[in-house]
Engineer: 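One structure coming up, written as C-alpha cells, with questions to follow.
Sequence positions, counted from 1, serve as the residue numbers for this chain. Only a predicted model underlies this, so the values are computations on that prediction, with no experimental measurement involved.
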Amino acid sequence: ELRERVAAGERVELSSDPYLNAVLYDKSKAAHQRQIKLVCQTFLPENVDVDPLALVCVVANLLDNALEAGRPGDEVEFSCTYKAGLVVVQITNPIHPGAHVPEQTERGFTTKRGSGHGLGLESARRAASANGGSVVLKEKGDRVVATAVLQRTQKSEDAERTEVYF
C-alpha cells in the first residue's frame with residue numbers, strides 16, 4: 001500500500017524527522033521508478049539531536065549509491081536508529097557479478113563516465129566524520145552493507161565547517 005501511495009505522489013510519513021522524511025520520500029519515488037523495493041525502518045526520537053544537514057547528506061548519498069547499483073526486482077533495506085547519543089544508518093543492497101565495493105581509503109570511486117561523479121561516498125564520509133562518526137562498507141555474502149554513525153550535535157561556536165557535496 002505504501003508503494004502505491006508514493007507512486008501516486010501522495011505525501012507519506014516515513015520518519016518523524018521532517019528532513020529525513022523528505023529524503024526517504026524522494027528516494028522511495030526513485031526506487032519505485034527503478035522497480036527496486038526500498039524497505040525503510042526508522043526509530044528516531046521526534047527531535048533527534050544530530051546535525052540535520054549531515055544526516056540528510058549521509059542518507060541521500062548512500063541511498064543514491066544503493067539504488068544506482070540496483071537492478072529491477074532488487075531489494076534495498078534502510079534502517080536508522082538512535083541509541084546512546086548516536087544515530088546509526090544502515091543500508092543493505094545486493095552486489096551483482098562484476099560489481100566493485102570500494103575500499104575504505106578509496107576516494108572518488110565511480111562506475112559512471114565523465115567528471116563530477118564519485119563524490120557521494122566521500123561526502124557521506126566527510127559529513128559523518130564532521131559529526132564524530134564514520135561510514136564503513138562491508139561485503140556480507142551477496143550483499144553490501146553501508147553503516148554510518150553520527151554523534152549528537154555538539155553546540156559549539158568553534159565548530160569546523162566541512163564541505164560536503166549533495
Side-chain angles (χ1 to χ4, degrees), residues 1-82 86-96 99 101-102 108-131 133-137 143-151 153 162-166:
E1 174 191 344
L2 185 59
R3 287 180 68 145
E4 287 82 26
R5 291 175 58 198
V6 168
E10 188 178 325
R11 274 283 182 212
V12 294
E13 187 168 312
L14 301 167
S15 168
S16 61
D17 180 85
Y19 303 104
L20 182 57
N21 192 63
V23 170
L24 292 177
Y25 177 75
D26 181 61
K27 301 309 173 193
S28 294
K29 286 175 46 177
H32 181 76
Q33 290 172 346
R34 292 172 180 259
Q35 299 176 354
I36 295 172
K37 182 178 180 182
L38 177 59
V39 179
C40 297
Q41 295 181 334
T42 60
F43 304 99
L44 295 176
E46 197 160 316
N47 293 312
V48 66
D49 191 20
V50 296
D51 177 5
L53 180 59
L55 181 59
V56 164
C57 178
V58 167
V59 170
N61 281 298
L62 294 180
L63 274 175
D64 277 344
N65 289 351
L67 294 176
E68 288 171 8
R71 296 179 181 166
D74 282 352
E75 180 174 291
V76 172
E77 299 167 1
F78 168 86
S79 70
C80 187
T81 58
Y82 185 79
L86 299 174
V87 171
V88 179
V89 173
Q90 198 162 59
I91 299 169
T92 306
N93 61 281
I95 300 173
H96 294 286
V101 177
F109 174 78
T110 184
T111 57
K112 298 176 188 170
R113 297 179 195 262
S115 62
H117 301 291
L119 303 173
L121 182 57
E122 182 63 22
S123 292
R125 285 180 172 149
R126 285 184 185 201
S129 177
N131 287 273
S134 62
V135 174
V136 176
L137 301 179
R143 301 187 64 78
V144 62
V145 179
T147 303
V149 177
L150 292 91
Q151 289 187 5
T153 304
T162 302
E163 186 175 343
V164 294
Y165 302 95
F166 186 77

Engineer: Could you grab the distance from atom CD of Q41 to atom CD of E77, nearest 0.5 Å is fine?
Structural biologist: 8.0 Å
Engineer: Is there a side-chain contact between L55 and V89 (heavy atoms, below 4.5 Å)?
Structural biologist: yes
Engineer: For the residue pair L20 and V59, establish whether any side-chain heavy-atom pair is separated by less than 4.5 Å.
Structural biologist: yes
Engineer: Quick one: pull up CG in L150 and CG in L86 and give me the separation to the nearest 0.5 Å.
Structural biologist: 9.0 Å
Engineer: Taking side-chain hydrogen bond (donor to acceptor under 3.5 Å, both in side chains) as the definition, give me every residue that meets it alongside D51, ordered by chain and number, with sequence neighbours left out.
Structural biologist: none
Engineer: State, to 0.1 Å, how close L67 and R34 come at their nearest heavy-atom pair, and which atoms those are.
Structural biologist: O-NH1, 3.5 Å
Engineer: Working to the nearest 0.5 Å, report the span between CD of Q35 and NZ of K37.
Structural biologist: 14.5 Å
Engineer: Would you name the heavy atoms of V135 and A124 that are closest together and state the gap between them?
Structural biologist: CG2-O, 3.7 Å
Engineer: Look up atom CG in D17 and atom CG in L44, then write down how far apart they are to the nearest 0.5 Å.
Structural biologist: 6.5 Å
Engineer: Identify the heavy atoms of S123 and C57 that sit nearest to each other, and give their distance.
Structural biologist: O-SG, 3.8 Å
Engineer: Does the side chain of L24 reach to within under 4.5 Å of the side chain of F78, using non-hydrogen atoms?
Structural biologist: yes
Engineer: Carefully, step by step, assess L38 and L63 under the rule side chain to side chain contact (heavy atoms under 4.5 Å, CB included).
Structural biologist: CA-CA 10 Å; L38 177 59; L63 274 175; 3.9 Å; yes
Engineer: For R143 and T92, work out which heavy atoms get closest and say how close.
Structural biologist: NE-CG2, 3.2 Å
Engineer: Could you tell me the separation between the OG atom of S28 and the CD1 atom of I36, rounded to the nearest 0.5 Å?
Structural biologist: 12.0 Å
Engineer: Do L137 and L121 have side chains that approach each other closer than 4.5 Å (heavy atoms only, starting at C-beta)?
Structural biologist: yes
Engineer: Holding to side-chain hydrogen bond (donor to acceptor under 3.5 Å, both in side chains), I want the full list of residues that pass it with Q90, two or more places apart in sequence or in another chain.
Structural biologist: T147
Engineer: About how many Å separate OG of S134 and CZ of R125, when rounded to the nearest 0.5 Å?
Structural biologist: 9.5 Å
Engineer: Start with the C-alpha distance between D74 and H96, add both sets of side-chain angles, then the distance that settles side chain to side chain contact (heavy atoms under 4.5 Å, CB included), and finish with yes or no.
Structural biologist: CA-CA 10 Å; D74 282 352; H96 294 286; 2.6 Å; yes
